[in-house]
Amino acid sequence: MLALLYMNNLIFSGMQPTGSLHLGNYLGALKQWVELQEQHDSIFCIVDYHALTIDYSPKDLPNRITELALDYLSAGVDPEKSIVFVQSQIPEHTELAWIFNSITPMGELERMTQFKEKSEQHKQNINAGLFTYPILQAADILLYKADRVPVGEDQVQHVELTRDIAKKFNKTFGKTFPETKVILTKTARIMSLVDPEKKMSKSLGEKHYIALSDSPDAIKKKVRSAVTDTHGGSKSAGVTNLFDILEALNGDDMVSELKDQHKKGKLPYKDLKDIVANTIISHLKPIQERRRELEEQREEIGEILIEGAERAQEIAQKTMEEVREKVGVR
Ligand code: AMP
Ligand code: TRP
């Protein structure tokens, strides 16, 4: 159980409740959360305020929050070991974000790759929240004075900005926040199965990703149609991606032997794909089974989130007292 004060080497991370998770989310973030919580005090958040920055259905959002909590827990996040809560339950997140708004240069936000990409994808709804999104993310992290943030590679820039905001705050108002760093896995960037030059993402379409909820048949089908050698070459992006997935799920030894065989031209792609598909299926099986069990206990999920919010808020309130005092808004 976490003690309710600031912790050394505290881990903080979160995801948006925007629909089912894919293998990239799992191998880039979730899988390492589960490992890290064994050694570190950890807080895992469902960042619903971030999800308001793109078009969404207010009617569906509560259900999506529960679904994401189910994903966290079935993948192995343990509420006995970690704090799990919903961002909007704790108003201190937006309060701190406002204060950070006032010390973050516009130019820094304009550089953010995710903002540029999302502005491209959602041309009809480029709102101010989308622009200041990384400031709210910095507030999420620094409210708990978290030292480490396990995320996929696409979030590195946001964590760097978090560090810049912490430094600026410390310089202006006195030492308050740590200089937070990311924790990346070897598979911090899983690529699309069909277009391995792009990162795996739901917005590319069904065939591009493996959902954690996909059936064994769906997984076999998707992996079989994964692109391998598009440009010739010794090892294309698609093949590298398949090996990366295998390595993340299975460990190095078996993979280096297969890589050897591949180099010698003794590993037909059909065989490699069968191995990859079966590895994914057997890895996801217990997660899918646990999810089915947890789905029967939805009320308990609500209780876990309420208890998580209570524990998180104690830390959040303490930080805000300090921050309010320092910035002169007592
Ligand atoms: P998103 O679903 O894009 O909000 O991402 C949730 C988490 O999964 C973040 O930590 C991302 O960095 C991570 N993530 C998303 N896509 C990938 C990917 N293709 N490979 C590795 N990590 C990813
Ligand atoms: N921006 C992150 C994503 O798209 C989600 C997020 C919001 C987050 N706040 C965070 C991740 C704080 C880590 C820490 O995945």
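Both ligands and their constituent atoms are indexed starting at 1 by order of listing. Reckoned from all heavy atoms, side chains included, excluding hydrogens, waters and symmetry mates. Residue numbers count from 1 along this sequence.
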### Message
Is a donor from one side chain sitting under 3.5 angstrom from an acceptor on the other, for Asp48 and Gln16?
### Response
no
### Ligand-side contact atoms (ligand 2) for residue partner Val149, heavy atom cut-off under 4.0 Å
13 (C), 14 (C)
### Query
Does Glu322 pair with Lys145 as a salt bridge, N-O distance under 4.0 Å?
yes
### Message
Between Asp274 and Lys270, does any side-chain N to carboxylate O distance fall below 4.0 Å?
### Response
yes
### Query
What atoms in ligand 2 come closer than 4.0 Å to a heavy atom of Val151?
11 (C), 13 (C)
### Query
Any side-chain heavy atom of Thr180 sitting closer than 4.5 Å to one from Phe12?
no
### Task
Give a yes or no on whether a salt bridge exists between Glu314 and Arg311, defined as a side-chain N under 4.0 angstrom from a carboxylate O.
no
### Query
Salt bridge or not for Glu206 and Lys222, using N-O below 4.0 Å?
yes
### Summary
Ranked by distance from atom 9 (N) of ligand 2, the top protein heavy atom is Asp140 OD2, 2.7 Å
### Query
Salt bridge check: are Arg324 and Glu321 linked by an N-O gap of less than 4.0 Å?
no
### Summary
So the atoms of ligand 2 within less than 4.0 Å of a heavy atom of Tyr133 turn out to be 1 (N), 2 (C), 3 (C), 4 (O), 5 (C)
### Query
Should the proximity of Ile141 to ligand 2, defined as any heavy atom under 4.0 Å, be assigned to the side chain, the backbone, both, or neither?
side chain
### Task
Taking only heavy atoms of Ser13 into account, list the atoms of ligand 2 that are under 4.0 Å away from them.
13 (C), 14 (C)
### Query
Is the Tyr269 ring parallel, tilted or perpendicular to the His262 ring (thresholds 30°, 60°)?
tilted
### Message
Do the side chains of Lys259 and Glu247 get close enough for a salt bridge, i.e. N-O under 4.0 angstrom?
### Response
yes
Measure and list all N/O to N/O distances between ligand 1 and the protein that fall under 3.5 angstrom.
residue	atom	partner	partner atom	Å
ligand 1	2 (O)	Asn25	ND2	3.1
ligand 1	5 (O)	Asn25	ND2	3.4
ligand 1	8 (O)	Asn25	ND2	3.1
ligand 1	10 (O)	Gly152	N	3.1
ligand 1	12 (O)	Gly152	N	2.9
ligand 1	12 (O)	Gly152	O	3.4
ligand 1	12 (O)	Asp154	OD1	2.4
ligand 1	19 (N)	Ile190	O	2.8
ligand 1	19 (N)	Met200	N	3.4
ligand 1	19 (N)	Met200	O	3.0
ligand 1	20 (N)	Ile190	N	2.8
ligand 1	22 (N)	Gly24	O	3.1

#### Entry: Option of least heavy-atom distance to atom 8 (C) of ligand 2 (set: Gln87, Gln16, Gln137)
Gln137
### Query
Is it true that Asp154 and Lys199 make a salt bridge, defined as a side-chain N closer than 4.0 Å to a carboxylate O?
yes
### Task
Look at atom 15 (O) of ligand 2 and find which of His93, Gln114, Met15, Gln155 reaches it with the closest heavy atom.
Gln155
